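What you are looking at is a predicted structure, and each value in this text was computed from that prediction instead of being measured.
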Amino acid sequence: MSISIAIVEDEKNYNNALKKVINYQKDMKVVGQFFDGNDALKNLPDLSPNVVMMDIQLQDMLGIEIIDKLKKEMPETHFIMCTSFEDDEKIFNSLKAGAMGYLVKGESMDKILSSIRDVYNGGAPMSFSIARKVLQHFEKKLPEIKGFDELTKREQEILELLSQGFLYKEIADQKCISMDTVKKHVGNIYKKLHVSNKVEAINKFNHFKN
């Protein structure tokens, strides 16, 4: 079965070049070609292609708006942004709107074709420079795990046992200490890790271990 593709691109030469190369593949077929956003917005739902190659900056609207409006109506369609824009805001707005891939114009046709197959099979293809930006963004967003250095050896042992599902009484028996002492240690663990309950403490512990 061939992959059905629609192209939304206002640069006619690029649009036609994409169409020609895609239609040359045995496993792909262009079912729609659009040169402006309004036309795409009106007609894409009836076509319901497997993949849409979407330009970001169309003359009449942003490709991001089209995805935002159509994603619920076309849940089975995968959108790949194909654009000359590499700024963070456009990348993340595209991904938030529901784009599953992001390619920079200038990529080889081989990369574009492999990205179409990739997204059709459940992947999320991106140009190398975009993937690097996305990774850097999420590295920045990861919360710093503070407090572990402050835990005493005994507190670390108790947190490890908590993460394994042991109850306070079982921890007290294992460590030959009283329940009150266990509770005191747990209170210190919460303070040092800046958490308010056992689930948060265990999540931080697991994140730290990984």
Is the cationic atom of Lys183 (NZ for Lys, CZ for Arg) positioned less than 6.0 Å from the six-membered ring centroid of Tyr168 and within 45 degrees of its normal?
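No - Lys183 does not lie over the ring of Tyr168 by the 6.0 Å and 45° rule.
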
Are any side-chain N or O atoms of [X] and backbone N or O atoms of [Y], one a donor and one an acceptor, separated by less than 3.5 Å?
X      : Y      : value
Asn15  : Phe34  : yes
Tyr102 : Ala124 : no
Asn93  : Ile64  : no
Ser127 : Val104 : yes
Asn23  : Val30  : yes
Glu11  : Asn13  : no
Asn43  : Asp39  : yes

Could you check whether any side-chain heavy atom of [X] comes within less than 4.5 Å of a side-chain heavy atom of [Y], counting everything from C-beta outward?
X      : Y      : answer
Met100 : Val51  : no
Met61  : Leu41  : yes
Asn203 : Val195 : no
Ile189 : Gln156 : no
His194 : Glu200 : no
Ile3   : Gln25  : no

Just do the side chain to side chain contact (heavy atoms under 4.5 Å, CB included) check on Leu161 and Lys175 with the steps written out, would you?
CA-CA 10 Å; Leu161 291 170; Lys175 295 292 168 189; 3.8 Å; yes

Ignoring hydrogens, what is the shortest heavy-atom contact between [X] and [Y]? Give both atom names and the distance.
X      : Y      : result
Pro125 : Val119 : CD-CB, 3.9 Å
Met179 : Ala172 : N-CB, 4.0 Å
Val31  : Ser4   : CG1-CB, 3.8 Å
Glu150 : Glu155 : O-OE1, 4.2 Å

Going only through I, L, V, M, F, W and Y residues with side-chain contacts under 4.5 Å, is there a path from [X] to [Y]?
X      : Y      : value
Val21  : Ile112 : yes
Leu167 : Val186 : no
Phe166 : Leu151 : yes
Tyr120 : Met53  : yes

Test log, rule side chain to side chain contact (heavy atoms under 4.5 Å, CB included), inputs Thr152 and Asn188
CA-CA 10 Å; Thr152 65; Asn188 288 337; over 6 Å; no

Check whether more than 12 heavy atoms from other residues, nucleotides or ligands sit under 6.0 Å from atom [atom1] of [X], and answer yes or no.
X      : atom1 : result
Lys111 : NZ    : yes
Lys105 : NZ    : yes
Lys19  : NZ    : no

Just list the side-chain donor-acceptor pairs under 3.5 Å for residues 65-80, sequence neighbours left out, or say none.
unit_1, atom_1, unit_2, atom_2, d
Glu65, OE2, Leu62, N, 3.3
Lys71, NZ, Thr77, O, 3.1
Thr77, OG1, Pro49, O, 2.7

Please walk me through it: do Ile91 and Met126 pass side chain to side chain contact (heavy atoms under 4.5 Å, CB included)?
CA-CA 10 Å; Ile91 295 168; Met126 288 185 198; over 6 Å; no

Does this structure show an ion pair linking Lys169 with Asp173, if we count only N-O contacts that are shorter than 4.0 Å?
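A salt bridge is present here (some side-chain N lies under 4.0 Å from a carboxylate O).
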
Looking at Lys153 and Glu157, is any side-chain nitrogen of the basic one under 4.0 Å from a carboxylate oxygen of the acidic one?
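Salt bridge: yes.
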
Gln164 and Glu160: side chain donor to acceptor below 3.5 Å
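Yes, a side-chain donor-acceptor pair sits under 3.5 Å.
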
Looking just at side-chain N and O atoms, do Asp10 and Gln57 make a donor-acceptor pair shorter than 3.5 Å?
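Side-chain D/A pair, Asp10 to Gln57: absent.
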
Test side chain to side chain contact (heavy atoms under 4.5 Å, CB included) on Val8 and Leu44 and set out the steps.
CA-CA 10 Å; Val8 184; Leu44 275 173; 4.2 Å; yes

If you measure from CD1 on Ile22 to NZ on Lys29, what distance do you get to the nearest 0.5 Å?
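Ile22 CD1 to Lys29 NZ: 11.5 Å, rounded to 0.5 Å.
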
